[in-house]
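I have placed the structure first, in the form of structure tokens, so that the comments after it can refer back to it.
Predicted model only: the values in this text are computed from it and were never measured. Just so you know, these numbers use all the heavy atoms, side chains as well, and skip hydrogens, waters and symmetry mates.
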Amino acid sequence: PSRPWGEGPAATMPPKAKPAAKGKAAAGRAAAKPAPVPSPPAPEEAKAPALSVPEAEAGIEEVSEEAWAELADCEESPSEVVAGVLKALLLLLGEPEASSWQVAHAALADRPALLRELRALGSWGCSEGQLARAAEALKAADWTKLRRPPAAGSGASAAKSLQSAKAPAAKAKAAPALAPIKGAEAALAVGLMAEALLEVRRGDEKPPGFPDSWPTDPLRRLHDRLRIAAFGKMSATVVCPSIAALAAATLYCERLGAVMCDVAQLQVQVGLTKTMGANEASAIMAGHLKEALTSGRPLVLMLGAAPPDLNKLCGSGPAGFPVEALWAEKIQEVAKAMGLSGLPASGFQIVLLVELSKAKAEQLMPKHVPGFDDMAVLVLDEKSLPAASDLASLQATKPSLRAATLLLALPPAEAAAGVAPIAPAAANASAASAEGPQVNAEEFEYVESFGEDYLTRWSMGPATKDEHGKEIRQNLIQATVVKYPANPKDAKMCLQLVGGAANSPCTGLWTSFSPLARPTEVEFEFTMNGKVDLPNACVVFTEKPWQGALPDCKIGVQFAVRGGMQLCGGAGNLVRISNDGKIQNDKWNKVLLKIDWKDKVIVGQVDTKGKGYAPAIQTVPFRDQTCEGFGYLYIYNTDMQGTCWFSSLRIKQAFGDAFAGLGTDGLQARAVLAKRLQQREYERAVNADMEVGMKMGAIKCTKEHGMNLAEEQRANNSSFM
């Protein structure tokens with residue numbers, strides 16, 4: 001019957017000695033037997049010094065293919081020695097099922113991948129618990145049976161150790177010959193590797209210090225670098241130059257089993273969708289910190305492509321995230337203050353993930369992250385990233401250290417199928433854009449229904465003076481929540497904005513977005529009453545705040561009602577977008593603006609009859625082409641007696657084609673018409689020039705043939721007919 005992997009053969013009783021004859025026994029008693037001379041003690045075998053980790057790796061590489069195949073082809077019940085050696089190595093790699101032969105067989109099947117795993121683990125990648133369990137498994141296996149001890153005083157090398165496994169051990173004359181252990185040569189190399197990793201941590205050797213300058217490391221070194229930072233009592237920041245690098249680093253942390261805290265998404269809820277306050281977001285971060293401290297796992301703060309200002313989030317509210325936690329040397333004080341005495345458990349570390357170029361990170365991170373100067377910082381090398389399909393294959397694996405090292409051991413993608421090296425021009429462009437604003441890279445949708453709590457998200461103003469610099473009379477402009485219109489069929493709860501100042505923008509309501517947003521859709525429902533020659537119900541998106549002059553705010557979208565619904569395009573040109581009829585009093589109108597940030601153009605559609613949006617007929621360029629995102633939104637009137645009502649507002653940022661699903665028949669027809677008009681203007685100008693030329697030629701005749709220019713052209717043309 002088969003036995004579980006790791007169990008030795010059944011014990012057998014030695015045969016009993018046969019009894020001697022009585023006569024011989026009596027004779028023996030009669031003769032006086034001399035006292036036995038004690039034999040000298042056997043000399044102690046000199047213990048061979050352990051190999052270094054590089055030597056052990058070289059030893060695994062030197063094992064022949066035949067010897068490695070012999071180890072991999074062991075039956076389901078390999079010898080106890082081999083089982084213990086493989087178990088010890090898998091325990092060091094953090095494999096939860098280290099006692100499974102199927103898991104060991106899969107690891108042995110690909111020797112290069114196993115070596116890459118070991119290099120990704122590094123000498124300092126194991127926890128103390130893993131080291132203790134691996135040492136116990138290696139000791140129980142008595143793996144030294146795989147090699148012949150070297151002579152006293154002689155040094156041990158990988159080659160000598162492997163050769164001693166091939167040669168039969170010296171046997172005592174009376175001892176029977178031992179059966180050879182299957183896979184002994186390769187198992188010895190594995191044992192030497194496990195012993196080398198254990199020996200590094202047994203001695204007084206300390207981990208190398210983390211470099212002061214930011215190293216650019218391949219993905220396979222990520223775990224080793226973070227563990228070295230943890231031993232040095234440092235929090236760490238991983239700078240990812242691209243979305244692909246951020247995805248790989250995030251997946252590594254997830255497979256490791258770290259506590260993930262998406263701070264970028266919390267920032268979206270606080271500063272963009274406005275569904276959460278800063279105190280609530282800080283309390284959520286504190287909850288993740290407590291979980292990581294208790295479980296002894298890393299806490300990963302994902303900051304995204306627009307890192308939030310942690311100076312504002314940390315410490316917000318009594319239950320907020322303590323800012324001192326970002327300093328690794330203060331973490332015990334933080335744990336004690338949170339009521340977690342005796343913590344953190346081994347394995348805790350704070351790691352920040354950010355998607356920025358190195359130049360941008362150097363500029364922004366010290367401002368946004370307290371204690372950043374005391375952190376260990378590394379930059380991921382994009383050329384070392386595996387293929388996306390290889391990463392996807394590991395997304396469903398159970399979190400463990402082994403799952404993380406398997407990811408780090410994936411080979412880099414080929415240049416054709418993976419990440420191409422960054423060209424110098426691209427690198428220069430990245431460095432040049434380090435001064436640019438931070439723009440949100442997360443999808444979101446902000447829906448405003450203007451309820452009773454709207455003032456928690458909106459403010460009055462900000463302009464308080466008219467065009468002449470005089471203070472606007474108090475209560476001239478008022479904002480209230482009412483039910484409008486009186487007709488019950490159309491009545492809705494809405495925001496009523498009454499009054500304005502002539503030629504004075506930004507006097508009504510305003511709100512801000514942090515970080516800058518790049519919406520792809522803006523939709524709102526409104527109605528208004530007022531003079532037709534003054535802009536009312538104005539909706540303006542700008543990059544910068546109001547500081548006295550609207551053009552200085554970098555206007556992106558500027559909507560207004562002035563004899564119809566209009567958008568203000570480049571150079572201040574007004575473009576009418578209402579092709580669905582006139583605005584009627586006390587009737588709700590819907591406006592949908594689709595925004596393309598690549599070309600910085602807007603397509604506006606309106607619905608004044610409640611029958612759906614009319615086809616789009618024209619694109620309108622941004623008012624200011626230098627606008628990089630929307631940070632502020634203003635709603636106002638410029639008519640002292642004008643009133644507008646807004647029942648809803650929706651702002652959405654999504655990926656993909658901004659004009660997807662948009663009926664483009666009207667746009668295409670208008671483009672064809674514009675092209676024809678342009679061609680007609682060109683032909684008209686050419687004909688005018690020809691007419692002028694003929695008149696000038698008729699005044700002066702040539703001397704050769706007596707014809708003027710017009711006569712000469714007619715003669716030349718007639719020769720081809």
Side-chain angles (χ1 to χ4, degrees), residues 268-277 280 444-462 474-500 506-513 517 519 521-531 535-541 557 559-561 565 577-578 580-593 604-614 630 632-653:
V268 167
Q269 296 179 55
V270 173
L272 296 179
T273 64
K274 305 180 187 297
T275 56
M276 182 184 296
E280 186 179 354
F444 78 92
E445 187 173 40
Y446 168 48
V447 178
E448 178 62 77
S449 56
F450 296 104
E452 296 292 342
D453 62 341
Y454 80 96
L455 284 178
T456 61
R457 300 175 294 276
W458 296 78
S459 302
M460 295 296 295
Q474 193 173 7
N475 296 328
L476 177 65
I477 302 172
Q478 297 181 359
T480 54
V481 175
V482 298
K483 194 169 185 178
Y484 185 84
N487 179 9
K489 182 180 178 181
D490 299 326
K492 296 181 180 181
M493 294 301 298
C494 59
L495 172 73
Q496 175 181 269
L497 184 61
V498 180
C506 305
T507 57
L509 286 170
W510 70 279
T511 189
S512 61
F513 302 102
E521 283 185 15
V522 174
E523 185 178 27
F524 53 90
E525 186 177 40
F526 80 103
T527 186
M528 56 83 58
N529 290 328
K531 296 181 180 179
N536 288 305
C538 301
V539 179
V540 180
F541 289 88
V557 174
F559 170 88
V561 178
M565 288 179 261
I577 62 171
S578 53
D580 191 35
K582 294 182 179 181
I583 297 178
Q584 300 179 14
N585 292 342
D586 302 339
K587 292 293 182 180
W588 293 105
N589 309 280
K590 285 186 176 181
V591 177
L592 176 63
L593 306 176
Q605 294 176 274
V606 301
D607 176 14
T608 60
K609 300 178 180 178
K611 297 181 179 180
Y613 288 109
F630 298 159
Y632 299 88
L633 167 59
Y634 304 97
I635 299 177
Y636 60 91
N637 300 313
T638 60
D639 181 5
M640 294 181 61
Q641 299 177 350
T643 304
C644 61
W645 295 264
F646 285 84
S647 66
S648 65
L649 170 67
R650 182 176 65 87
I651 301 172
K652 179 180 180 181
Q653 178 173 333

Under 4.5 Å between any side-chain heavy atoms of [X] and [Y], yes or no?
X	Y	value
Ser647	Trp588	yes
Tyr446	Thr275	no
Val557	Val522	no
Ile583	Met565	yes
Glu525	Lys492	yes
Leu476	Met640	yes
Ile651	Glu521	no
Leu272	Gln269	no

With distance as the sole test, does [X] use its side chain to make a donor-acceptor pair with the main-chain N or O of [Y] at under 3.5 Å?
X	Y	answer
Asn637	Asp639	no
Asn536	Gly642	no
Gln605	Ala614	yes
Thr511	Arg457	yes
Thr507	Gly500	no

Supply the atom-to-atom distance [X] [atom1] to [Y] [atom2], rounded to the nearest 0.5 angstrom.
X	Y	atom1	atom2	result
Met528	Gln496	CE	CD	13.0 Å
Lys582	Asn589	NZ	CG	14.0 Å
Tyr634	Ser512	OH	OG	9.0 Å
Leu509	Leu455	CG	CG	7.5 Å
Lys611	Lys590	NZ	NZ	15.0 Å

Item to complete: Could you go through the side-chain contact (heavy atoms from CB on, under 4.5 Å) check for Val482 and Cys494 one step at a time?
Response: CA-CA 6 Å; Val482 298; Cys494 59; 4.1 Å; yes
Worksheet entry | Lys274 NZ/CZ over Phe513 ring centroid, <6.0 Å and within 45° of normal |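 Relative to the ring axis of Phe513, which defines the angle, Lys274 lies inside both limits.
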Worksheet item: Can Asp586 and Thr527 be said to form a side-chain contact (heavy atoms from CB on, under 4.5 Å), step by step?
Response: CA-CA 7 Å; Asp586 302 339; Thr527 186; 5.7 Å; no
Item to complete: Grab the two heavy atoms, one from Glu445 and one from Thr273, that are nearest each other, plus how far apart they are.
Response: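 Where Glu445 meets Thr273 most closely, the heavy atoms are O-CG2, 3.5 Å.
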Practice prompt. Determine the minimum heavy-atom distance between Ala560 and Cys538, stating which atoms define it.
Written response: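 Reported closest heavy-atom pair: CB-SG, 3.9 Å.
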Practice prompt. Could you pull out all residues at least two apart from Phe450 that satisfy ring pair (Phe, Tyr, Trp, His ring centres under 6.0 Å)?
Written response: Trp458
Item to complete: With sequence neighbours left out, write down each residue that passes ring pair (Phe, Tyr, Trp, His ring centres under 6.0 Å) with Trp510, or none if nothing qualifies.
Response: none
Worksheet item: For Lys587, which residues count as a salt bridge (charged side-chain N to carboxylate O under 4.0 Å, His left out) partner, sequence neighbours excluded?
Response: Asp490
Worksheet item: ring pair (Phe, Tyr, Trp, His ring centres under 6.0 Å) with Phe559: which of Phe524, Tyr636, Phe541?
Response: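 Of all the options given, the one that passes is Phe524.
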Worksheet item: Between Leu592 and Asp607, is a side-chain contact (heavy atoms from CB on, under 4.5 Å) present by the stated rule, with each step listed?
Response: CA-CA 9 Å; Leu592 176 63; Asp607 176 14; over 6 Å; no
Discussion item. Apply side-chain contact (heavy atoms from CB on, under 4.5 Å) to residues Asn529 and Trp645 and explain how you reach the verdict.
Written reply: CA-CA 9 Å; Asn529 290 328; Trp645 295 264; 3.5 Å; yes
Discussion item. Can you confirm whether the side chains of Glu452 and Tyr454 place a donor and an acceptor under 3.5 Å from each other?
Written reply: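 Side-chain D/A pair, Glu452 to Tyr454: absent.
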